[in-house]
Number of protein chains: 2
Amino acid sequence: MKDGPDIARIAALIGDPARANMLVALMSGRALTATELAHEAGVTQQTASTHLARLTEGGLLRQAKQGRHKYLALASDDVGHLLETLMGVAAGSGHLRSRIGPRDAALRKARICYRHLAGEMGTQLYDSLQARGFLDIGDGPRLTSAGQGFMRDFGIDLDALRQGRAPLCRDCLDWSERRKHLAGSLGRALLGRIEALGWARLRPDSRIVEFSRDGERAFAERFPTALETASGSD
Amino acid sequence: MKDGPDIARIAALIGDPARANMLVALMSGRALTATELAHEAGVTQQTASTHLARLTEGGLLRQAKQGRHKYLALASDDVGHLLETLMGVAAGSGHLRSRIGPRDAALRKARICYRHLAGEMGTQLYDSLQARGFLDIGDGPRLTSAGQGFMRDFGIDLDALRQGRAPLCRDCLDWSERRKHLAGSLGRALLGRIEALGWARLRPDSRIVEFSRDGERAFAERFPTALETASGSD
DNA sequence: TTCATAGTTCGATGCTAACCGAAGCATTTC
DNA sequence: GAAATGCTTCGGTTAGCATCGAACTATGAA
């Protein structure tokens with residue numbers, strides 16, 4: 001009967017709303033303290049403490065004590081990937097979100113999806129790279145030699161990225177757009193570069209990525225969509 | 001707070017042991033009746049009925065009435081992929097399975113992972129294709145032109161596969177081997193061909209794939225590992 | 001019609017776990 | 001030292017839900 005690993009155990013861990021909120025909050029890639037997570041989940045410290053203990057014991061979180069603070073983060077990229085996959089299924093099949101607030105609009109525009117850029121801006125980046133022949137999409141994205149030049153020119157150290165265990169390019173299905181965007185270590189590096197250039201900054205209390213007016217223009221120039229390239233843009 | 005889709009809702013659906021067992025049973029890709037699933041989960045029909053209703057309502061299952069039977073299947077490949085991802089996380093981080101029985105040994109050797117071949121045989125197939133230059137692994141598998149010839153020779157209609165929406169090649173992390181094997185429509189087609197050739201058959205009540213003695217030999221000949229290729233095999 | 005099988009609905013029961021108040025540690029600051 | 005802050009443990013309450021027996025509907029067979 002029970003063929004394979006015990007998926008119910010860890011699904012149940014994610015299945016509680018308070019814990020799910022904590023996990024989603026950690027998808028930004030930042031480590032948060034227990035108190036911050038308690039606030040994020042809308043429960044008291046005591047309750048949060050037990051939840052966090054269970055999540056850690058269950059292998060979903062990693063914790064690091066620092067003074068009297070306890071910082072928590074997702075245990076691995078696998079966990080982040082699992083949460084993204086869950087979001088995809090939850091958004092696709094199943095109830096649509098009940099209400100679309102202004103918060104959601106910003107979230108759809110640009111957000112962090114476990115350290116890389118997602119939302120409309122994320123898919124635009126992906127499409128732009130593909131349309132200009134920098135990214136070759138077969139059964140999974142791959143950087144062309146022209147693309148390698150482009151990335152270096154944009155200030156990304158590809159050799160350093162290749163050191164890591166994580167794949168350079170990976171695509172990730174967007175729950176809001178239902179289209180692909182770029183994940184993997186390159187995806188992360190691109191977001192980091194965009195931040196470093198001052199084009200955008202991470203809103204501290206959520207996963208929303210806020211582009212400045214100039215930043216958005218610079219972004220559109222660097223990563224034009226197929227249409228803008230063809231027509232000369234506005 | 002609640003950024004994005006409601007992942008807790010569907011995680012909670014998977015989080016119940018009875019429901020999880022049902023879902024895992026459906027990972028074979030076959031559609032099963034309500035009674036079969038009740039037996040699989042070890043609960044009575046009444047209990048199973050409510051579970052199945054919830055899973056369907058939650059968008060995880062698809063049902064088709066046929067006479068007085070009700071056949072249930074996973075709603076989409078996405079759901080299958082989600083379950084497999086869950087298995088990966090559950091097997092990796094977290095408790096190891098309590099006991100490894102003979103059932104598990106067979107399961108580790110060769111099993112169905114949502115319609116494609118997984119386990120030792122699955123990773124062997126993957127490694128073999130890669131070692132012989134049929135599969136190019138960059139950031140995701142891709143069939144080389146030599147590989148295309150090989151597949152046609154093996155009796156696989158690539159053009160037909162390309163018609164579908166699903167990607168041709170995709171890699172899938174194996175929970176038992178912690179290594180990759182081949183998913184995607186090509187992965188499915190390969191399993192189908194292996195079955196059609198009589199090399200193996202699906203054990204009706206589980207996800208185990210049973211190779212015959214001759215079938216295993218033929219498989220090893222067609223998909224030799226790097227070592228066997230180099231040394232001339234046994 | 002009568003019987004059998006597949007599946008659903010209802011009501012009652014019992015267990016699990018989420019939750020918070022209060023008290024208890026540990027670490028930092030004054 | 002004492003006070004403050006971050007986090008944990010304990011105990012008791014409450015709510016949700018998985019479970020099954022029993023009764024009910026629907027399809028198919030004799």
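Residue numbers start from 1 in every chain, and the chains themselves are labelled A, B, ... in the order their sequence lines are given, proteins ahead of strands.
Atom CE of Met22(A) and atom P of dC19(C) are 9 Å apart (whole Å). With rounding to whole Å, Leu61(B) atom CG is found 14 Å from dG7(C) atom P. Atom CG in Leu32(B) sits roughly 16 Å away from atom C1' in dG7(C) (whole-Å rounding).
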*Take Phe154(B) and Phe223(B), measure what ring pair (Phe, Tyr, Trp, His ring centres under 6.0 Å) needs, and give me the verdict at the end.*
CA-CA 11 Å; Phe154(B) 189 53; Phe223(B) 306 105; 5.6 Å; yes
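Defined by atom type and a distance below 3.5 Å, a donor-acceptor pair is present between the side-chain atoms of His51(B) and Arg19(B). A donor atom on one side chain and an acceptor atom on the other are not found under 3.5 Å apart for Gln46(A) and Ser49(A).
Here the shortest heavy-atom pairing between Ala8(A) and Ala20(B) reads CB-CB, 3.6 Å. Between Thr123(A) and His181(A), the closest heavy-atom pair is N-CB, 4.1 Å.
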*Protein-to-nucleotide contact annotation, 5' to 3' order, nucleotides 7-19 of chain D [B base; S sugar-phosphate only; - none; under 4.0 Å, heavy atom]*: BBB--------SS
